[in-house]
Q: 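What follows is a structure written as structure tokens; I'll ask about it next.
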Amino acid sequence: MHLPKPRGAFSERVLATLASGDAATIGVLPEPESPEDAALALWCLYELSYRGFQDVDDRLEWAPELIAVRRGLEEDLEARLRSRWSGQPAYDGDFATAFFAEIEAHDGPSLARFVQRKATADQVMELLQARSVYHLKESDPVAFSVPRLPVAPRAALMELQYDEYGGGRPERLHAHLFAEGLAALGLDPAEGAYLDQAPLAVLEENNAMSLFGLNRRLRGASVGHLAAFEATSSGPCRRMSRGLERLGLAPEMRAYYDEHVEADAVHEQLAVRLICQTLIEAEPETEADVWFGAFCCLDLEDRVAHHYLDRWGVTA
Ligand SMILES: [Fe+2]
Ligand SMILES: [Fe+2]
């Protein structure tokens with residue numbers, strides 16, 4: 001992946017420092033010009049912990065100057081996410097029942113419903129480009145949480161991740177299935193290919209997952225996010241597949257979504273009952289963050305949906 005275009009003086013300086021290979025050149029940074037300026041810089045700093053950039057020295061991942069910048073951006077992001085949250089819901093009975101009820105009660109706009117019924121091919125292509133920012137690193141953020149969990153949720157998360165990473169078969173790796181779908185549609189399957197077009201909502205949605213995955217103290221939020229993601233995936237993936245079929249678009253991309261209709265119906269049970277619930281049993285202090293992570297998943301996806309529906313001047 002190559003470095004993206006900056007979105008202001010702040011990200012310009014961070015990207016120039018990455019390109020220079022010398023973190024000491026960062027100096028005193030200006031304030032971010034906009035939330036997008038900050039979000040892009042944070043996304044790029046996080047990328048150093050995934051597959052990195054061709055034009056950046058891998059050693060910069062742990063450069064103290066860049067870690068300090070990352071920490072400042074993370075604190076702002078976490079404070080913003082927490083300010084949107086109204087807190088852990090009160091419930092009687094078991095966690096899983098309460099969790100599924102909360103997901104059921106959530107009533108956000110649905111891009112998948114719009115794709116199923118009305119979207120044009122151009123709108124679907126634009127959406128898939130935005131989705132590529134996450135789907136090309138599907139399940140990578142929560143993979144950082146594996147060694148941070150107690151025994152029962154650690155085993156269950158690995159069972160789920162085994163599916164996400166193809167069960168030992170590279171051609172079945174979910175991120176790879178999505179890349180094949182992009183290529184079949186004539187889109188660029190390379191990571192970062194559409195980063196320059198990603199709006200703030202998409203950058204923030206992705207940064208939140210890295211924030212939770214890369215900070216051990218937020219392991220509850222990491223698996224709570226995962227549980228909400230899996231519990232809101234199966235039905236929308238069916239709708240995405242039907243929309244692609246309606247438009248006569250590449251069957252390879254439908255195969256990605258079809259794979260998730262059944263897989264995520266299993267994953268939601270695993271994530272809620274065997275990952276989140278067992279984590280809360282072993283480490284009750286993580287419960288509030290499990291709910292917080294779930295809220296962030298739903299809220300950030302609502303923001304992405306609003307962005308595209310507003311941009312296209314439509315309702316879902
Ligand atoms: Fe997946
Ligand atoms: Fe899944």
Side-chain angles (χ1 to χ4, degrees), residues 1-16 18 29-50 53 69-85 108-112 114-115 119 122-138 140-141 191-215 218 221 225 228-229 232 292-316:
M1 186 190 316
H2 293 288
L3 286 166
K5 291 196 185 80
R7 301 202 191 183
F10 180 87
S11 54
E12 190 171 4
R13 282 281 292 284
V14 172
L15 297 182
L18 292 175
L29 286 168
E31 283 297 304
E33 279 179 28
S34 63
E36 258 186 281
D37 192 20
L40 179 75
L42 182 57
W43 192 93
C44 292
L45 292 171
Y46 279 145
E47 181 56 29
L48 301 177
S49 295
Y50 292 96
F53 300 96
V69 176
R70 191 183 108 181
R71 291 267 299 115
L73 293 167
E74 284 185 316
E75 277 167 19
D76 290 348
L77 172 60
E78 185 179 347
R80 191 160 56 253
L81 296 174
R82 289 199 186 273
S83 75
R84 295 170 182 166
W85 184 45
S110 167
L111 285 167
F114 179 69
V115 168
D122 283 350
Q123 288 166 338
V124 172
M125 298 289 239
E126 187 182 0
L127 177 62
L128 293 172
Q129 289 172 33
R131 293 299 195 207
S132 72
V133 178
Y134 174 64
H135 289 319
L136 294 176
K137 46 167 56 82
E138 187 157 316
D140 292 345
E191 282 192 72
Y194 299 106
L195 191 60
D196 287 333
Q197 289 97 308
L200 173 65
V202 168
L203 293 173
E204 203 166 65
E205 182 174 53
N206 281 273
N207 284 344
M209 285 185 265
S210 296
L211 169 72
F212 300 155
L214 286 164
N215 285 277
L218 296 172
H225 185 290
F229 189 97
T232 52
F292 169 59
F295 162 81
C296 290
C297 177
L298 302 175
D299 179 65
L300 291 164
E301 176 56 20
D302 286 352
R303 289 166 193 270
V304 171
H306 279 300
H307 171 86
Y308 284 98
L309 297 172
D310 289 352
R311 182 174 147 71
W312 298 330
V314 297
T315 49

Q: Distance under 6.0 Å and angle within 45° of the ring axis: does Arg82 meet both against Phe292?
A: yes

Q: Answer yes or no: does atom CZ of Arg80 have more than 12 heavy-atom neighbours from other residues, nucleotides or ligands under 6.0 Å?
A: yes

Q: Mind running salt bridge (charged side-chain N to carboxylate O under 4.0 Å, His left out) on Glu205 and Arg303 for me, showing each step along the way?
A: CA-CA 9 Å; Glu205 182 174 53; Arg303 289 166 193 270; over 6 Å; no

Q: With the side chain counted from C-beta on, respond yes when Leu73 and Phe10 share a heavy-atom pair under 4.5 Å apart, and no when they do not.
A: yes

Q: Using modelled atom types and a 3.5 Å cut-off, is there a donor and acceptor pairing between side-chain atoms of Asn215 and backbone atoms of Leu211?
A: yes

Q: Are any of the side-chain heavy atoms of Leu48 and Phe53 separated by less than 4.5 Å?
A: yes

Q: Can Arg131 and Glu301 be said to form a salt bridge (charged side-chain N to carboxylate O under 4.0 Å, His left out), step by step?
A: CA-CA 11 Å; Arg131 293 299 195 207; Glu301 176 56 20; 2.7 Å; yes

Q: Grab the two heavy atoms, one from Leu40 and one from Pro6, that are nearest each other, plus how far apart they are.
A: CD2-CA, 4.0 Å

Q: For Ser132 versus Gln129, what's the shortest heavy-atom pair and its separation?
A: OG-O, 2.6 Å

Q: From Glu74 CD over to Tyr46 OH, what is the distance, rounded to the nearest 0.5 angstrom?
A: 3.0 Å

Q: Find the distance between CZ (Phe229) and CD (Glu138) and round it off to the nearest 0.5 Å.
A: 6.0 Å

Q: If you round to the nearest 0.5 Å, how far is CZ of Arg7 from CG of Leu203?
A: 5.0 Å

Q: If you compare all heavy atoms of Pro109 against all heavy atoms of Asp302, which two are closest, and at what distance to 0.1 Å?
A: CD-OD1, 3.7 Å

Q: With distance as the sole test, does Glu36 use its side chain to make a donor-acceptor pair with the main-chain N or O of Leu200 at under 3.5 Å?
A: no

Q: Specify the closest pair of heavy atoms between Phe212 and Gly293, including all atoms of both residues, with the distance to one decimal.
A: CE1-CA, 4.1 Å

Q: Mind listing the closest non-hydrogen atom pair of Cys296 and Leu81 along with its distance?
A: SG-CB, 4.0 Å

Q: Do Leu111 and Leu309 have side chains that get closer than 4.5 Å, going by heavy atoms?
A: yes

Q: Heavy atoms, side chains only, cut-off 4.5 Å: are Trp312 and Leu127 in contact?
A: yes

Q: Using a 4.5 Å cut-off on heavy atoms from C-beta on, say whether the side chain of Leu218 contacts that of His225.
A: no

Q: Counting only N and O atoms by type, is there a donor-acceptor contact under 3.5 Å from the side chain of Asn206 to the main-chain atoms of Trp43?
A: no

Q: With a 4.5 Å cut-off on side-chain heavy atoms, are Arg70 and Ser49 touching?
A: yes

Q: Quick one: CG on Leu29 to CZ on Arg13, what's the gap to the nearest 0.5 Å?
A: 5.5 Å

Q: Looking at Tyr308 and Pro199, what are the two nearest heavy atoms and their distance?
A: OH-CD, 3.2 Å

Q: Any chance you could measure Leu298, atom CG, to Phe295, atom CZ, to the nearest 0.5 Å?
A: 8.5 Å

Q: Working to the nearest 0.5 angstrom, can you tell me the gap between Ser11 OG and Leu18 CG?
A: 10.5 Å

Q: Compare all side-chain heavy atoms of Glu47 with those of Lys137 and state whether any distance is below 4.5 angstrom.
A: yes

